[in-house]
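Report on the structure given below.
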Amino acid sequence: MIVTAFRSRLRPGMREEYVTLVDHMAEIAATMPGCISHKGFFADAGERMTIVGFEHEEGMCAWRTNPEHRAALASSMRSPRRH
């Protein structure tokens, strides 16, 4: 199995917007070949960890290069959600 972990920290008041985005990304990830799981966890102070598992590298690469996923990642790097 191939596992990708993504860590982020949310600004106060941004959790609902972020959860909406993550839920949509989880729906897309589930359509990728070999997707096993997409799990998210919140810690105190707004820290978030997402863990995505794939059966094989091809599936992980399909997810990494998915246009909607790429746009979400690029947007999150510029977003006021992070600090």
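Throughout, numbering of the chain's residues begins at 1 and tracks the sequence.
Using a 4.5 Å cut-off between side-chain heavy atoms of Ile, Leu, Val, Met, Phe, Trp and Tyr, with links allowed through other members, Y18 and L73 fall into the same hydrophobic cluster. Linking ILVMFWY residues whenever their side-chain heavy atoms come closer than 4.5 Å, directly or via other members, places I51 and I36 in the same cluster. The hydrophobic clustering, which links ILVMFWY residues whose side-chain heavy atoms are closer than 4.5 Å, places F6 and F42 together.
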Quiz: residues 59-66 side-chain donor-acceptor pairs under 3.5 angstrom, not counting sequence neighbours:
| from | atom 1 | to | atom 2 | distance (Å) |
| --- | --- | --- | --- | --- |
| T65 | OG1 | C61 | O | 2.8 |
| N66 | OD1 | E68 | N | 3.0 |
| N66 | OD1 | H69 | N | 3.0 |

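The environment of E58 atom CD is dense: over 12 non-hydrogen atoms of other residues, nucleotides or ligands sit within 6.0 angstrom.
Once rounded to the nearest 0.5 Å, the distance linking CZ of F54 with CE of M1 reads 11.5 Å.
For residues 19-41, the set of pairs meeting the salt bridge (Lys or Arg N to Asp or Glu O under 4.0 Å) definition, not counting sequence neighbours, is empty.
By the 4.5 Å heavy-atom criterion applied to side chains, P33 and H56 are counted as neighbours.
Remark: E47 pairs with R7, R9 by the salt bridge (Lys or Arg N to Asp or Glu O under 4.0 Å) rule, at least two apart or across chains.
For the side-chain contact (heavy atoms from CB on, under 4.5 Å) criterion with V52, the lone passing option out of H38, M32, M25 is H38.
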